[in-house]
Every structure is written in C-alpha cells, then in structure tokens.
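Reading through the structure tokens given below for one structure.
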There are 4 protein chains.
Amino acid sequence: MSKFTVGIINVTGYAGVELARILRNHPEGRIAWVTGRGAAGQKLDQVFPHLLGMDLPIVPEPPDRADIVFSALPHKASAEALLPLLREQIKVIDISADFRLKDAGDYPLWYNFKHPGPEWLGKAVYGLPEMYRRKIAAAQLVANPGCYPTSAILALAPAIKEGLIEEDIIIDSKSGVSGAGRTLALNGHYSEANENLSAYALDGHRHLPEITQELQLLKPGLALSVTFLPHLIPMTRGILSSCYARLSRRIPVNEKSKQVILKLYQDFYKDEPFTRVVASPAQTKHTSGSNFCLIHPTVDLRTGRLIVISCLDNLVKGAAGQAIQNMNLMLGLPETTALEALAMYP
Amino acid sequence: MSKFTVGIINVTGYAGVELARILRNHPEGRIAWVTGRGAAGQKLDQVFPHLLGMDLPIVPEPPDRADIVFSALPHKASAEALLPLLREQIKVIDISADFRLKDAGDYPLWYNFKHPGPEWLGKAVYGLPEMYRRKIAAAQLVANPGCYPTSAILALAPAIKEGLIEEDIIIDSKSGVSGAGRTLALNGHYSEANENLSAYALDGHRHLPEITQELQLLKPGLALSVTFLPHLIPMTRGILSSCYARLSRRIPVNEKSKQVILKLYQDFYKDEPFTRVVASPAQTKHTSGSNFCLIHPTVDLRTGRLIVISCLDNLVKGAAGQAIQNMNLMLGLPETTALEALAMYP
Amino acid sequence: MSKFTVGIINVTGYAGVELARILRNHPEGRIAWVTGRGAAGQKLDQVFPHLLGMDLPIVPEPPDRADIVFSALPHKASAEALLPLLREQIKVIDISADFRLKDAGDYPLWYNFKHPGPEWLGKAVYGLPEMYRRKIAAAQLVANPGCYPTSAILALAPAIKEGLIEEDIIIDSKSGVSGAGRTLALNGHYSEANENLSAYALDGHRHLPEITQELQLLKPGLALSVTFLPHLIPMTRGILSSCYARLSRRIPVNEKSKQVILKLYQDFYKDEPFTRVVASPAQTKHTSGSNFCLIHPTVDLRTGRLIVISCLDNLVKGAAGQAIQNMNLMLGLPETTALEALAMYP
Amino acid sequence: MSKFTVGIINVTGYAGVELARILRNHPEGRIAWVTGRGAAGQKLDQVFPHLLGMDLPIVPEPPDRADIVFSALPHKASAEALLPLLREQIKVIDISADFRLKDAGDYPLWYNFKHPGPEWLGKAVYGLPEMYRRKIAAAQLVANPGCYPTSAILALAPAIKEGLIEEDIIIDSKSGVSGAGRTLALNGHYSEANENLSAYALDGHRHLPEITQELQLLKPGLALSVTFLPHLIPMTRGILSSCYARLSRRIPVNEKSKQVILKLYQDFYKDEPFTRVVASPAQTKHTSGSNFCLIHPTVDLRTGRLIVISCLDNLVKGAAGQAIQNMNLMLGLPETTALEALAMYP
C-alpha cells in the first residue's frame, strides 16, 4: 500500500529516468505522474525499454498535485516550473542548480539568467544529508546538489571543518559521459568521446561557485582559494575527484599521519549510511548503481599534502539517489529506503 | 527474519560474487558461508569492495550444512565438490556445466573429463524455469543453464515447439567479456579486448551440445542441424543472440507474417515473469543488471527466414539471477523474490 | 613534387577527414581544396586538431577543378554535386551509394530519391579492386563500395565464384559506431551506445541490394537468397562479418575440408595487396587503421556449413582507404601508395 | 636500400611491438633481429597478426651485432642485457627506466634492485629531444623517458625554466590501460578496468623521481615540492596530465595573463617538430598513434594558478615513437623520419 504520491517533472533525461527506476521499487511511494516534452504521449517503457512494465503515460505538464515533486529540468526552466508549486506549498526537490546558490547575483554570472524567485534561495536547503540532515527533514524545498560538488564537498568537509588543511585547494575531477546528459552534442558523440580524454571548462565550471559556497560555509574564517577542473572520461557512469591541499602546519607529517587522518575521517562520517571512508583507494566501479560515496584520504609524506580520493555514481549519489535520500528524510521515512542496492560489479 | 541458509562455493568468480550481491537483499535467505581458495582468510568486502558491509569471512571449504548450496566452481571441480553434498541430500544449484548434459559420454568429448557421478545426470533438472518450472520446484539438484544456451533456447523454443521453422538453425551470439570470467587470460586483457571484436570457438563451443540437447528435446521428431558461433564484444555485460532459420513451408510469408509470429511468441511466454517478447529489437542495455530475457522475433520477408534477437545479462539471467530464480522455486518462494531490480540505464 | 591535385567534397564527415589524413602523406598528390558546409571558413586543423599543420581553408563549394575529386557527401547530395563535374570529364570517386546500384529503380526504393543521373549508373565502375581492377584503372567514375558490402563480398566471392556453396546465405555483420557517421543521433550518443549491443535495420539495410547485386554478378546462374543483418558494437572502428552458407553437395565434408577451403581462398586472393586469407580467425583490431581486409574461411564439420569471418576497418578499407586505392589505380600509380600503414595495436 | 640495422630486445611487449610497427616503414633502417622469451621460435606476424608480412623469427637472445639496439625489457633485466652491448660500444636506446636516474641510490629505493652498471648512469643521456637534442645526437646510450614524465616535463618545462611558477607543483595524470603493459594483471583485466576509474600508487609512483630530477635540473635554485598522482582510465592509449602551480608573484594576474603565458609557451617550443602548444585544450584522441605531445597552458584567474594540460600517446611519444626520434638523432637522420603519421581519429 503506497502511502504517498510522487510527481517527476522531465522524466526523460538521465536523472529523471533514474528517479523512475529507483522509485519503482520504493515500498511507500507511488509515481503518480511523469512529464516530458518531446516524449509526451508515449508510455514510459516505450521510450525507456529497460523500465519494463512501467506503462505510465508521459504527459506534457504536471496534471495534478502530488505529495512530493522532483524536477529534473535544466536550470532556469526548473525554477520557472517549480515556483507555482512552491507557492502551493508542495514539497519539492529540485535536481537542477536553480536553488543551490545563496546569492541571486550568481545566477546571471554562472547560468546566464536572472533568477525568477530569489526569495526562495534563502528558504531552500542544500540537499546534502551529511551536512544538513535536520534542515532537509524540515524543508519544503530541497536543492539537490550537483554531482561534482557532492564528490568534492564530501571529500573535503572533514579536512576543512577540522582545520587540517591550508586554504589552497585543487580539485581534479573526472566524470563519465552520462554527466553531460541525454541531449545530443558532439563531445558526447560515441566516436568522439570513446578512447578519448579531455579537460573542459578551464575558464570555470558552473559547479565551482556551489563547491566554494559550501566549503566556505564549513569554515567561515578560512579564505579558500579553490581550483576545480573537470575531465571527461570514456565511461558512462562514475565520478572520481582527486583533491589536494597542503596540511596545516599544526598537523605533524610523519609515518603516522596517514592513520591519523584516516581515523579522523572515519569518525567524521561514522554514522553516515551512504558515505564511507575506506582504507584503500576507492574506484568508481565500487559505486556503480549504488548510492554510496566512498572516500579515501591519505598524505603525500614527501610534500606534506593531503590527498583525498572520492568516488560516486553521478546519477545516483550524484543525482537521483541523493534526491530520493532527501525525499525519505523529508517524509520521515528511513533514509535508506529503496536505496539498498549495492554497486554492480563487474 | 531469515528462513533459510545459503552456502556459496567459490564466491570469488563473477557468478559467485553476483550471487552474493543479489542474495544480500533477499528477504528470506541468509548467506551462511562462502568459500574461495585464493582469497580464503579475507572478508568478502575486502576482496570485493562493492559488497560494502558484507564482512563474511571467505573460507577454503564448506564449513557446515546449509539449506541450499550454490556452486560457482569451474566444471569438473564443481561435480567433485558437490557429490558429497548431494549424497547428504542437500539441495544444490550448480552453475557449472557439470550436470547439464544428459549423456555422460559428452563430458570427455566437450569438457575433457570423465564424469565422477553419472548417476546424477538423470536426476538433475535443467534449470530453465520457462521450460521446467515444475520439475525445478521438486528437484534436489538443478543444473543452472549456460549464458549462451539461455539466450538461444529462449529465442528458439516457441519456433521449434510450434513447428514454425525448418531444421537448419544458425545462432550467431555476441557476448560481453565478463562471460569469460575473472581468470586472467590474454584475450580478456583490457588492451586486447577493448576496441576489438572477434569470433571464437569456430571448431565448436562447449555450449553447443547443451543448446542442441535442449532444443532437440522440444521437438524430438525434428533432426536439427545447429551452427552456433560465439563472438567476443568489447563491453562487460550482456549477450545478444541473433538466430536464423527458414520458416517451414506451412507458414505463409506475407505482410502479416511478422505480426503472426510476434503474437505467437507473446502467447508462448505470456505468463513468464522474466522472459518478455518485445515489439522492437531488444538491446543488451535494456537488461543490464536485471533478470530479464528480452526476445524480438521477426521475419525477413525477402527470404522467408525467421530472425529472432534475444538479449540478457550474462551474469544475471545467464547465471546468478537465474540460479536465484531456481532457488526461489525450489524453496517454494515467490519466483521473483530479490530479482525485482530493473536494468541499469544508461 | 606533387604530380596531381585532389579535391575533397564534404571533408567534415568521418570518411572525408580520413581521406585528408591519409592523403596528407601521399607522395604524388596534393589536396588542392576541401569543402564542407557547417565548417566553411575555418581551417582544416581547427576543426580537426589531429590534422596538425593541415591549415587548408574549408570552403563551401568546389572552388576549382582538380585532377581527381572525392565526394564524401551523403547519398542524393553526392550525385547532385558530382553530375556537373562528371560532365566536365573530371575523374571522380564517390564514397556515397549514389553510383553503386546498377538499377536506377533501386534508388527510390532503398534511398528515397529519384536518381538525377541514371545514365551514369552504367558507366560507373564498382570500386572493389579485387573484382574490377582493370575497369577501375580505366574509369572516369568509381562508386566506392560500402563498408558492409566490402566485408561481405570479399568474404563470399571465392565461395560463390568457385561454386562451393548453396544459395542460402546469411551475413551477420557487426560494426563499430563510427560507421554511423559524425552526425548526431541518439543511438550514437555515448551513454546509449557504450556497453550496449543491438541489431538494427531488421526490415532490410540499404547495403543489402548492393551486396546482392555484386554477389549475384559473380555467379549469374545461382538464385541467391541473402539475409543480411547488421549490429552496432560499442567500439569506434571495425567491421566483422560472419557469413554462413551450406556447402554445395559436391564438396565432401571431412577432416580435410577446412584445409581445402583455406587453400582455395588463399589461391583466390594470392596476388591481392590488401585482402589476405588468414589461417586463424581474424579480429578487427588486426586491421584498425590499415587498408587490409582479413578473411578466415572454415567449415562447421557437424553441419557441413561454410563459415567465413572477415574483418576490416570501416573507415579505411571500408571507405577512405579503398577510395585512395581506387585513386591510385585510376592515376596509374602503384596501388599501395600512401596505404602502407599497418594496423595500430593495441 | 637500408643503411643501418636495428635490433629489438623483447619485442613482445607493447613498446616492443610498437617499435616494430613504426620501424617497418622506416626508409633507412632494417630490423635485423628481434628477441622475445615466451614467443621465441614463432614469427613476428604469427604472434602479432597486425604486423602482416613481418615474418622475422623471434629469437631468445640477440644473435648478432646491430648498428643500434633498442631494449624494451622490464627494469633490471634491461640493464643486465644491455651492459655487455654497451661495453662493445654498440649504440643503445633503453626504453626501461634503468638508465634514467642519475643517482644509483635511487634504484634500490624505487625499483628494488642494486644497479649493475652505475658507471653508465653518468654517461646515459635522458632521451627527451626537446631538452637534450645535441647530447642525444652524440650519445652512445640514451635512456628513453617514461610516458608520464614525458607528458609532465614537457608541460612544465617552460614554466619552470622561465620562472613563472612557485615551487609547489601538482601533476594529476591520467593514462590509458596499455601503459600497464601486456603482462596479465587483475587491474588490467577487461571486466575490472572497463567502466572503471581509479587513482593508484598514492604512496609514490616510480616515475616521480624521474620527473623531479628532470624538472629540478631545469632550475637548480628552486626547491620543488612535487605531488604526482597517476590514474587509470578505461581506454587503451593516451595520457593526459593536468598540472597545477601557483604563478610566481612577479607574473601579474589579469585578463592578459592567458595570452602572455600561451605566447611564452609557443615561443619556447616554436622549433619543435613534435611538441606543439595549442590554443584550446588538447584531447588524447588528437595524438592517438602520432608522435606529438600537445600542450595547452592557461591561467585560473580566480586563484592565480597556472594550469597546463598535456596530451600524448603513451606508446608513441611516450615510448616507441620517442625512441625512434632519438634513434634518428643518434644516426644523423632527419628527426621526423618514419614518424610522419598523424593521429588516428575518430
């Protein structure tokens, strides 16, 4: 017996369809409707044959209320579609970036649009349960984090909050191609992306202000200087972020440093259901299809630098899975409901 | 509350570890022990970090009884390990080929060993629920089908049983590299298999006698002449079999033939939980991680040939998933228990 | 000192850019101009950074005559662009399908357009040097074969011409994704094509009439019944065709059959510079980047069926390389000029 | 008419076989012999079918002198095999690490063996033509650089030599799987490496002392603090290194910085045949199969950090191609001989 209804706006992108896949096995919720423009009129399992038996019609616009609504629209369109629902006091989880940044002035700068509902930016809760669990549980509007920011913030939060590192931070992130979405583009064309490797957004990626905002909030006194560089990797799913920062002078660098740091990270996340600190370097395949973020901190003893490797599935913990984790919190359900799947290997 | 215990012999190959992954979320069963030679002494999630939190120790030999035992050993070793358990009347599902062939004389020919327990060949039930559901439910020993045979038999069974085709059959199968297992070999080395495509076993693959035996049993009067050629595809999971046979003369070849054949296939499998006949050509990605076999039959109107495309995940419906489907049947549980996951896409 | 000038119409597709790459090291020819619509105004190495130092401007239309002109336009557009040049008696190699079929009536049927210059279909020579070397050398207009047809015809020609097989032929072909070109499409989107495998064009692929026409010409008395089914493989380059046909009754099936057939194939192609009969199954990686077609014939002794595996690089022997081989013949140069590169492995 | 003879020791690894492939089209040299242990007795094109027509027998030991000898043996074995040849005054290019480090004490530390010929470490010339062209031309023994060091040193040399950056340097390198060689290992097993991404050697990779040694030599006064972290990428060929360092205070950070740095890099390499500074971020596919190293320097204006991206093919400029470039220099031939091939794309 389902206890609540769910609506998905723009089910036809990779985040949307992943929401549908995971929610299908949620014991408490029922997908009441799904929207999608190009595919409107078709059934879900016609457009996405892997969703066998999910024969919900795709409709152009939300036909109805629902207890909770996810938006997987692109930025700008998402805010526009959600504002009416927000005013009706419907609970909303926005997978786009439209409510992640606190400063409305960042939207014209990074996303090329003037925010249509800046009054909601203060009310939105950044949907990273590891940082804001209680606020999420009480929120009407959750801004689901970006995939890169999830991997970067979880990797660096213990170090920043505990004052382990200096302010110079380099985040070298690598992502599978599904991160670029289902919209056709030359750099996502198989023959271009396969057997190829590239850095992109060298002038500044849109996830940078989000990463900086959240890291800075963890230690307001520290003047962070963050370089974030994303890379496109020839695989479908997965993000690995390699983070580098010099240890603060008060941390002695010696044989024991690695264990000290590892222990500190383990303590930091010891009660987290989905963020795990591991003793050997994580690999993206260890998280493929699961909602886990795996973190491995270590120390480069020659230079006194902290290195943190974090891995996650960009479509699960980096998007749909984390959104459902947030939904569970918002509805007072066990946080791990419908998210029990382990990673698929090999 | 788990109601029964499971043992897994040789958990360290891809079929074994996939059994562990799926069984972890089985509501009724509990893995009591897992064996593995090279990795004995380590914990399951040390060797396989994606099995987060499964800290069962890997032991060298079965330490105990269990309500049901899976063997994921290679052929020959599997029969040797299972015979003692069989004599103790333990329920057994063998993922190797050791109890699939009815004729003991086939083992020296195709697998290079004399079968150590030929008396069990008659008692073993071939674990294809679509064909032998009732017998499986009553069996002590189930021989879990090979990955290629599952795809080929399910693709051709309706046509053969309904007398749609002549005796000349060509099965051109394509498999991802995980089908070759976790044992190191040059043709499974990344730099050799990636961006490469090859046919292999042109002199006869070990799955041929299994395919022929089972197809022939469906229509004893037909003298089948089967060519089966497997190909290695640069992807991890998935099998697609393209099957070709001339329509028997009594089937008229005209514009309606495709619909007639499609309808006939749909009727044949209409009550199956995991074998689905689809109206457009299936793709392996539609089954990745799920226990489904998708089948698309059509007719080449120019030549009067039946073409059937079947897709499945070689490690799920082609191995561990089907084994658990058999376990559910043998224990009187709902057949789909723990197998509800949809395919992971993209 | 270059002795002749070359023009390339539509350099911006994969066949066009491969022509440019290979011709750059041709000792006798010089690329005089290249055309391309979307990229007009840019330089070749701006659009294709791997063509380092080739700073030829891309122009919208042929600016000039050239001693020989390649067209890598899509079908229909190619015929339209080439007819004026043909009338000026310029030597032309058309990589599209527009002059491959002898029967003008096939164009509306298979390519959805009425041929604008049917009088040229009889004059065009099918550019498969192994079959038509002398005619190519004397031709003004060469219709460069399709990638699938090259692999299929070379695989089956000896068997058909020598009367080894019966008329029922199945060609199960597998191609890398670059065969679908550089134009964006969902089935060529990385996240859709990667880790996926599918059959397509089950109702009849455009290369079927080309294959049938050429095979039939080899043995006019035989009423061929050809099924051709292409598959999309998650790799960039390469085609492997698996061809099946029953041996004609006059060929005895016994232990010696494989050697007899192998010898016969080797003799058939013994003087060919680029088509090689090999004693073990060819793999696509053995031809990646080279102009070779590798062929391995064998016999399924259980069923008396001939199996032939052929491999080639769809963009070299399947397109640009074969076009340059034809150019060399048309200009009286050594056939292998600029085509000496071995395959890149691994 | 070949003018000199070449011997290849251990032709059967990926560097060795790539040497054979490239040298086959060298107009001045002739491969006189090739050695290989496991494959001894077979012909080159039997073991490597892509080397069609290269039917040189593989012998267990060098049978003869040659004008120049390449060793593609693993470290330690290489030094042992080469010392006798060196004493006979044969010209040698060692692709292993055995003569790259100046300090004999580094070998036990990083490679676990005591160097058997430390007197040669001072005589060996580090085979990076961009740095040591003249010395290479006069050398008897050239130590061919590692793949990672080639990418890192070429990326950073202009910045260090011109004093653009401070001493803290982070090199985040990503390599295709062929860098790990042809020897079987679990992390190079297709099903493990495919769709996976990992960092490795977090405790210090063997290429670190080589990178530090060479960078330090460029600016003896600067006390470099280098962190180098390699990552394994699911593709066969290619290395991309992302290098980060803070600009020294004397370099103003403003809108013009990017152009200033780009120009400076372009000037630095302006006469190099194979190292090219490009104005947009290089991708590995732009170098696949070619001997080019492409470098893109830019500035992160928010933090004042220099970012340099460098790309190359690990088996060509990162191994066999650079070795042949060195050979050309040592023999007084044009440096680009046999290395004219452009990258293969797509």
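Every chain is numbered from 1, with letters handed out A, B, ... down the list of sequences.
Contact count versus chain A (heavy atoms, under 4.5 Å) is highest, among B:Lys285, B:Gln283, B:Arg276, B:Arg237, for B:Arg237. Residue with the most contacts toward chain A among B:Arg21, B:Glu340, B:Glu18: B:Arg21 (heavy-atom pairs, distance under 4.5 Å). Put simply, of A:His50, A:Met54, A:Arg24, the one with the most heavy-atom pairs under 4.5 Å next to chain B is A:His50.
Heavy-atom distances place no part of B:Ile22 under 4.5 Å from chain A, backbone and side chain included. Contacts of A:Ser280 with chain B are absent, with no heavy-atom separation under 4.5 Å from either backbone or side chain. Of the atoms belonging to B:Tyr345, heavy atoms from both backbone and side chain fall under 4.5 Å from chain A. For A:Ser178, the part sitting under 4.5 Å from any heavy atom of chain B is the side chain, from C-beta outward, and nothing else. Neither the backbone nor the side chain of B:Ser290 comes within less than 4.5 Å of any heavy atom of chain A.
Among B:Asn10, B:Ile324, B:Val34, B:Val11, the one residue that satisfies the side-chain contact (heavy atoms from CB on, under 4.5 Å) test with B:Phe70 is B:Ile324.
Within the 4.5 Å cutoff, the side chain of B:Tyr265 has no heavy atoms near those of the B:Asp267 side chain.
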*In sequence, state the C-alpha distance, the side-chain angles, and the governing distance for B:Asn194 and A:Glu195, and then conclude on side chain to side chain donor-acceptor pair (under 3.5 Å).*
CA-CA 9 Å; B:Asn194 184 42; A:Glu195 291 292 293; 2.7 Å; yes
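Taking the six-membered ring for Trp and thresholds of 30 and 60 degrees, B:Tyr148 and B:Tyr200 have ring planes inclined between 30 and 60 degrees apart.
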